[in-house]
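A quick write-up on the structure given underneath.
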Amino acid sequence: MHTDDPLIAQRLAKLELATQRDGDPFWRTRYDVTHHAAEIVDGFEALEGTSVRLAGRLHTLRGKGKAAFWDLYDQSGRIQIFLNVDSVGEEAFRHLGEVIDLGDIVGVEGQVIRTRMGEVSVHASAVTLLTKSLRPPPLGKEKDGETWNRLTDIEARYRRRYVDLFVNRDVRAVFEARSRIVQSIRRTLDERGFLEVETPMLQPIQGGAAARPFITHHNALDMELYLRIAPELYLKRLLVGGFEKVYEINRNFRNEGIDTSHNPEFTMLETYEAYADYNVVMDLTEALVTNACLAVHGKLQIEFDGQEIDLTPPWPRKKLYDIVAEATGQDLGAMGGDEAEREAAARRVAEQIGVYVQPSDGFGQIVDAIFKKYVIAKIVQPTFIIEYPVELSPLAKRRPDKPELTERFQPIIAGLEMGNAFSELNNPIDQRERFEAQARRAQRGDAEAMPYDEDYVTALEYGMPPAGGLGVGIDRLVMLLCDQRSIRDVILFPTMRPD
RNA sequence: GCGCCAGUAGCUCAGUCGGUAGAGCAACGGACUUUUAAUCCGAUGGUCGAAGGUUCGAGUCCUUCCUGGCGCACCA
């Protein structure tokens, strides 16, 4: 405790004063609450004159000699507490004045009234100090939605999210919405007969996505384990096991850079449905996103970063090569020639429009790079991008009519990649070849090539039903639905360097 | 990893040409029994992100480093 800090020392002195009169507030264990602030404000007509008990943090103290007005916030919101010497007694009133600070947590018992100025209030007859706040809260001031001197320093807000949450109510609102979104997703899937499961976060072979993993070590087994980059291969093993509809909502970990749309740990929804193809999954995606939006907004028209977005289904479906051709004026999909010629042509287009590509990138990766860096930001309204080249999609099923393409799609909204989905490759012979192609890419220097998972191929050899799978980045969905430009604003404790 | 920007009182911010740091709010003392950014009077509060350097003198100029934001690269 920094007793050398005068502001903390003052508060410790007040704690001592409070303890002398009423006992140490930190020994109190219980305060029975009858109402929350919003219930009293909203239900004033019925509650006027009745006695209530509520508890919360003090955000404003307005003293006026022998009367005082406090703003008390609980989880539901704000209510004014009115107290004067007549309601609590002269001695108690003076004592409270000496002991109570901004940020203290108190229990209040009193009558529901409306003040002369017309504000619904609780006229306190008893105030109990439940927790002494020993640090000055950076609450600032507020009037008509305008705020002054409130904590805004972005670093301090992330590092001390607990302060951010009680100081900035709109931050709370984002996380309340996040909870409703996840709830809605579970409801949508449960109603359709999906089973929620949990699969390993610690994996001996990382798989299911192209990304660099975090590596950790298990002492007793004396072996390296990877924090999962995706649950995909385990969930599909469950289809082999006979579950027909499964999903998991959980954390993935990817050892990559941090920016406004990437956090090293992030939350992913993955669903797998036997006997469904990617068309069925597109319908499911629309249902998941629109239900979540309705749960938060009650309508399907939202604003993101100043753009009007309408989520009303059905969302248009556009082929990857077509939309890249539209944006660049060069139809790479229609290009003939062998692999090397196609790759060289794609490389030229990338160079023309200023998209950087790795020397190790093949044709598919270059097209993907052009799409991600040049095209995707231009897609504002919800759109399914479909038909990805097979070399980009080592776990996706080929189109029967065009085997160099897969039955894969990505939902794009407001320039954000909201997910990834495909008809699942269930042919163990083809899967083995795809893993081998990935291994060749790893040799070529691609740190994100997918490692060979022999047991997964074994599982497919027993037989996995045809199935459609979906992955949705929950954090990005929350960003979209809550109009937040940074993933850090939808993650309670984003990854930061230590102070 | 590269570039740009930022870090000054508990909070929000000023700080000119290099001359020994200022405001508002909070906190502190006082007045005030229906206020609401309450008001009024008074007196406080600083390792200027860190370390070096230039200079008679550095919040200010230079170097390195730390932390964060944004953009690029990588990625979902």
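Numbered from 1 within each chain, the chains take letters A, B, ... in sequence-line order.
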So what does A:Arg476 touch, heavy atoms closer than 4.0 Å: a base, only the sugar-phosphate, or nothing?
-> base
Could you give the distance separating B:U8 and B:C48 at their P atoms, to the nearest angstrom?
-> 11 Å
Just compare B:C74, B:C11, B:A76 and give me whichever is closest to any side-chain atom of A:Asn149.
-> B:C11
Answer yes or no on whether A:Arg114 is positioned over the face of A:Phe44, meaning its NZ or CZ is under 6.0 Å from the six-membered ring centre and within 45° of the axis.
-> yes
Rounding to the closest angstrom, what is the interatomic distance between B:C65 and B:A23 at atom P?
-> 37 Å
Classify the side chain of A:Glu142 and the base of B:U36 as holding, or not holding, a donor-acceptor pair under 3.5 Å.
-> no
If only side-chain N and O atoms of A:Lys66 are considered, is one of them under 4.0 Å from the OP1 or OP2 phosphate oxygen of B:C32?
-> no
Kindly point out which of B:C28, B:A26, B:C70 is positioned nearest to the side chain of A:Asp101?
-> B:C28
Look at the side chain of A:Thr152 and the base of B:U12, then say whether one donor and one acceptor between them are separated by less than 3.5 Å.
-> no
As its Watson-Crick or G-U partner within any shown strand, both distances under 3.5 Å, B:U39 has B:A31
Complementary nucleotide of B:U55, counting Watson-Crick and G-U pairs under 3.5 Å | none
Please determine, for B:C25, whether a Watson-Crick or G-U wobble partner exists with both distances under 3.5 Å, and give it or none.
-> B:G10
Under 4.0 Å between a side-chain N/O of A:Arg497 and OP1 or OP2 of B:U67, yes or no?
-> yes
Looking only at atom C1', what distance separates B:G22 and B:G59, rounded to whole Å?
-> 12 Å
Please check if the distance between the ring centroids of A:Tyr278 and A:Phe422 is under 6.0 Å.
-> no
Pairwise C1' distance, B:A43 and B:U47 [rounded to whole Å] | 25 Å
Pairwise P distance for B:A14 and B:G49, with rounding to whole Å | 14 Å
Scanning all shown strands, the Watson-Crick or wobble mate of B:C65 with both distances under 3.5 Å is B:G49
Verify the contact: side-chain N or O of A:Lys64 to OP1 or OP2 of B:U39, cut-off strictly under 4.0 Å; return yes or no.
-> no
Check ion pair A:Glu196-A:Arg186 (N to O, under 4.0 angstrom) | yes
Whole-angstrom distance between B:A21 and B:G46, as gauged at atom P | 12 Å
Ignoring hydrogens and angles, are the base of B:U34 and the side chain of A:Arg116 linked by a donor-acceptor pair under 3.5 Å?
-> no
Under 4.0 angstrom between A:Lys141 side-chain N/O and B:A38 OP1 or OP2 = yes
Partner nucleotide of B:U20 by Watson-Crick or wobble geometry (both distances under 3.5 Å) | none
Would you kindly compare A:Ile154 and A:Trp148 by the position of their nearest RNA chain B nucleotide and give the one closer to the 5′ end?
-> A:Trp148
Which whole number of Å gives the distance between the C1' atom of B:G7 and that of B:A50?
-> 12 Å
B:G71 pairs with which nucleotide, Watson-Crick or G-U wobble, both distances below 3.5 Å?
-> B:C2
Could you work out the separation of B:C74 and B:U12 based on their C1' atoms and round it to a whole Å?
-> 37 Å
On RNA chain B, nearest-nucleotide positions of A:Thr495 versus A:Gly65: which is more 5'?
-> A:Gly65
